Structure formats: C-alpha cells, structure tokens
Amino acid sequence: LAELPTAVRASFDGAKSLMLEFVPDAYARERFLEAAMFLDQQTLEQKIGPEDFERALEHLGPIGLPREVVNKLKPWGVLLNLRNPKRAEQGAPLERQLVELARARRMPLDQIEGVEEQIFTFDEFPMESQVALLKHSLAHRDELLELAERTLEAYLERDLAAIWRLREQFVARHPQIAAHQAVMTKRVVHDRSVVMAFRMQRQLRRGEAFVALGALHLYGEKGVLALLEEDGYRAARVF
C-alpha cells in the first residue's frame with residue numbers, strides 16, 4: 001500500500017511540479033488540533049452521552065490522548081481519529097514519500113487547500129450530523145472495520161466504482177444516517193472536488209504537473225476527472 005507503483009513513479013519522475021491536497025507543517029497541525037476542540041464549556045460527553053463517550057475513549061486509546069483531552073474534542077475530531085488499532089502502517093504514507101522525493105529534486109511543491117479551508121469543511125458541519133455519525137460509528141465499529149478492509153482491497157484493485165459502491169451499500173443498510181451521510185459526502189467530497197478541479201488547472205496549464213488526490217475525488221460525474229473534462233481536458237488511465 002505504501003509503495004509507489006512503477007508506472008506512477010515513472011510519471012512522477014517526468015514531472016516538473018508536485019501538487020497535493022494539503023501539505024501540513026507544524027503550525028497547520030497545531031491549528032487543526034485547536035479547531036477540533038471545544039474552547040468553551042461544552043464537552044464531548046455532553047454531546048454524545050456517557051456510554052458513547054466511554055466507547056470513544058476506548059477506541060482512541062491507541063493514540064494515547066488523556067481523558068480530559070478526549071472530552072474536549074468535537075465529534076468531528078473523534079471521527080477523523082477512529083482507526084483500526086490492529087492494523088499497523090508499514091512505511092511512510094504516500095503523500096510524505098512524494099513530498100520527500102519532490103524536495104530532493106527541488107521540484108516546486110504546491111497545495112490545493114489551506115489549513116483554514118480544511119478546518120471549515122469539518123467545523124461548519126452541522127453538530128446534529130456530527131453527533132449522529134459519531135454515535136453510529138461507535139455502535140457499528142466492527143462493521144466499519146470490515147468496510148475499511150474491503151475498501152482497501154478495492155483500492156489495491158484500482159476499482160474506483162467499487163470503493164464508491166461499498167459506501168453506498170453501507171448507507172443503504174443504515175437509512176437512519178443517510179441524510180447525515182449525504183451532508184458529509186457533499187461537504188467532504190463533492191464540494192472539495194470542485195475546488196480541486198479549479199485550482200489544479202494553474203499547474204496543469206504549465207504542463208508536466210503531478211497531482212495527487214484521494215481516490216474518492218476521482219470517481220463519477222462529480223469527480224475531479226469529469227470536472228476537468230468539462231473544462232476541456234482529456235484523461236487517460238496509465239495504471
């Protein structure tokens with residue numbers, strides 16, 4: 001999973017610039033953590049109840065956050081940190097590898113979004129939906145872990161349609177969160193894909209640009225590739 005395929009590495013080696021969704025630095029990480037926390041008297045336990053709060057504590061245990069810190073996290077801050085503690089990541093994430101390679105070659109490095117834009121995506125997400133999705137995720141933890149594994153398999157098969165289909169099937173099994181999930185999909189995927197397709201073009205017009213995005217942004221009529229084609233670009237799959 002953490003290896004750049006040969007065809008992808010060849011494309012990168014022939015590129016003159018690198019653009020990622022986001023390139024975090026020390027300030028951005030600190031700012032994002034600050035934004036993910038209640039700065040007033042609100043607490044996570046008040047929002048989701050004591051039973052789900054204890055579940056959240058258990059699932060965030062591998063991260064090592066103290067109880068009082070977890071209790072100040074907003075629901076979206078917890079959602080972004082729910083991971084499978086049994087799956088150890090091997091090797092550096094692909095984004096970090098690309099950044100290191102680009103810096104070694106002194107390639108121009110650009111990002112599509114700033115930290116405040118990323119914060120806005122989650123922080124302006126309705127609290128009702130934040131709470132509903134977090135409580136549902138905590139209650140269906142095992143099913144979500146299985147979904148994550150099947151999504152990973154589809155990713156390794158390079159099957160964008162399967163990745164999207166798995167998400168839709170999960171929501172269909174849980175109609176009580178469908179409306180909240182639709183809001184999340186619009187904010188996190190579709191709205192950001194529009195911004196990505198627009199901002200990518202400043203590098204694409206210069207030519208020989210390598211742009212790396214999350215797989216969900218590539219699929220479908222509202223995906224980045226389709227949006228670029230509407231603007232006159234043509235896409236060809238090389239891997």
Side-chain angles (χ1 to χ4, degrees), residues 21-22 32 35-38 42 44 46-49 51-53 55-56 59-60 73-84 112-155 157-200 213-231 235:
E21 289 184 31
F22 181 61
F32 202 83
M37 300 185 73
F38 291 117
Q42 298 180 83
L44 180 64
Q46 290 172 351
K47 297 295 183 184
I48 65 175
E51 183 177 346
D52 280 321
F53 176 67
R55 286 179 178 172
H59 293 314
L60 293 181
L73 283 174
K74 297 172 184 176
W76 68 261
V78 180
L79 276 168
L80 291 184
N81 284 287
L82 289 180
R83 299 287 186 272
N84 183 357
I112 294 175
E113 296 176 313
V115 64
E116 297 301 331
E117 290 176 299
Q118 290 220 328
I119 289 170
F120 176 81
T121 296
F122 299 103
D123 214 30
E124 296 300 316
F125 191 61
M127 182 57 68
E128 177 187 5
S129 293
Q130 289 187 45
V131 170
L133 290 173
L134 177 55
K135 290 174 71 69
H136 188 268
S137 295
L138 293 170
H140 297 83
R141 183 70 170 148
D142 291 342
E143 188 176 353
L144 283 168
L145 291 176
E146 181 183 354
L147 173 63
E149 288 299 312
R150 294 182 64 191
T151 299
L152 177 58
E153 292 170 3
Y155 174 83
E157 292 293 326
R158 309 190 296 282
D159 192 341
L160 296 176
I163 295 175
W164 197 269
R165 188 166 57 248
L166 286 166
R167 297 175 74 254
E168 291 183 327
Q169 291 170 348
F170 175 78
V171 174
R173 291 195 298 271
H174 302 281
Q176 69 272 27
I177 62 160
H180 301 296
Q181 187 65 49
V183 175
M184 172 72 86
T185 299
K186 181 180 183 302
R187 289 191 65 85
V188 177
V189 183
H190 294 321
D191 288 354
R192 292 173 64 229
S193 291
V194 173
V195 174
M196 291 175 182
F198 174 74
R199 291 185 178 164
M200 283 169 58
L213 306 173
L216 280 179
H217 292 292
L218 302 177
Y219 176 75
E221 296 179 354
K222 296 182 180 180
V224 166
L225 298 178
L227 293 172
L228 287 173
E229 290 188 335
E230 289 178 7
D231 287 336

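As the structure is a prediction and not an experimental result, all values here were calculated from the model.
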Contact check, side chains of Leu160 and Tyr155, non-hydrogen atoms, under 4.5 Å: no

Asp159 and Ile163, any side-chain heavy atoms less than 4.5 Å apart: no

Nearest-0.5 Å distance that lies between atom CG in Asn81 and atom CG in Leu73: 7.0 Å

For Ala132, all residues meeting side chain to side chain contact (heavy atoms under 4.5 Å, CB included), sequence neighbours excluded: His180

Residue pairs involving residues 73-82 (criterion salt bridge (charged side-chain N to carboxylate O under 4.0 Å, His left out); sequence neighbours excluded): Lys74-Asp123

Asp191 vs Thr121, side-chain contact (heavy atoms from CB on, under 4.5 Å): CA-CA, chis, key distance, verdict: CA-CA 9 Å; Asp191 288 354; Thr121 296; over 6 Å; no

Note, Leu145 side chain near Glu149 side chain (heavy atom, < 4.5 Å): no

Any side-chain heavy-atom pair of Met127 and Pro75 under 4.5 Å: yes

All side chain to side chain contact (heavy atoms under 4.5 Å, CB included) counterparts of Glu117, not counting sequence neighbours: Glu113, Arg199

Non-neighbouring partners of Glu168 that pass salt bridge (Lys or Arg N to Asp or Glu O under 4.0 Å), sequence neighbours left out: none

Spacing of Leu228 atom CG and Leu218 atom CG [to the nearest 0.5 Å]: 10.0 Å

Side chains of Gln169 and Leu166 in contact at under 4.5 Å (non-hydrogen atoms): yes

Leu134 and Leu82: CA distance, side-chain angles, deciding distance, side-chain contact (heavy atoms from CB on, under 4.5 Å) verdict: CA-CA 10 Å; Leu134 177 55; Leu82 289 180; 4.2 Å; yes

Heavy-atom pair of closest approach, residues Gly220 and Ala226: O-CB, 3.4 Å

Non-hydrogen side-chain atoms of Arg167 and Leu216 separated by less than 4.5 Å: yes

Distance (rounded to the nearest 0.5 Å) between Leu227 CG and Met196 CE: 11.0 Å

Min side-chain heavy-atom separation Lys47-Gln130 under 4.5 Å: no

Pairing residues for Phe125 by the ring pair (Phe, Tyr, Trp, His ring centres under 6.0 Å) criterion, not counting sequence neighbours: none

Pairwise salt bridge (charged side-chain N to carboxylate O under 4.0 Å, His left out) hits with a residue in residues 124-139, at least two apart: Asp52-Lys135

Closest contact, heavy atoms only, Val224 versus Ser193: CG2-O, 3.7 Å

Counterpart residues, ring pair (Phe, Tyr, Trp, His ring centres under 6.0 Å), relative to Phe32 (two or more places apart): Trp76

Reported CE-to-CG distance for the pair Met37 and Leu44, which is rounded to 0.5 angstrom: 10.5 Å

Student check: side-chain heavy atoms of Ile112 and Leu213 closer than 4.5 Å: yes

His190: side chain to side chain contact (heavy atoms under 4.5 Å, CB included) partners, not counting sequence neighbours: Trp164, Thr185, Lys222

For Ala235 against Leu225, the heavy-atom pair lying closest together: CB-CD2, 4.4 Å

Atom of Leu144, atom of Ser137 and distance for their closest heavy-atom approach: CD1-CA, 3.4 Å

Over 12 foreign heavy atoms within 6.0 Å of CD, Glu157: no

More than 12 heavy atoms of other groups within 6.0 Å of Glu229 CD: yes

Under 3.5 Å: donor-acceptor pair, side chain of Gln181, backbone of Val171: no

Parallel, tilted or perpendicular: rings of Phe170 and His174 (30°, 60°): tilted

Side chain to side chain contact (heavy atoms under 4.5 Å, CB included) against Gln46, all qualifying residues, sequence neighbours excluded: Gln42, Thr43

Contacts of type salt bridge (Lys or Arg N to Asp or Glu O under 4.0 Å), residue Glu116, not counting sequence neighbours: Arg31

Arg187 charged N/C atom sitting above Phe120 aromatic ring, 6.0 Å / 45°: yes

Value rounded to 0.5 Å, distance of CZ in Arg141 from CD in Glu146: 13.5 Å

Nearest heavy-atom neighbours spanning Ala36 and Gly77: CB-CA, 4.1 Å

With Asp231 via salt bridge (Lys or Arg N to Asp or Glu O under 4.0 Å) - residues at least two apart: none

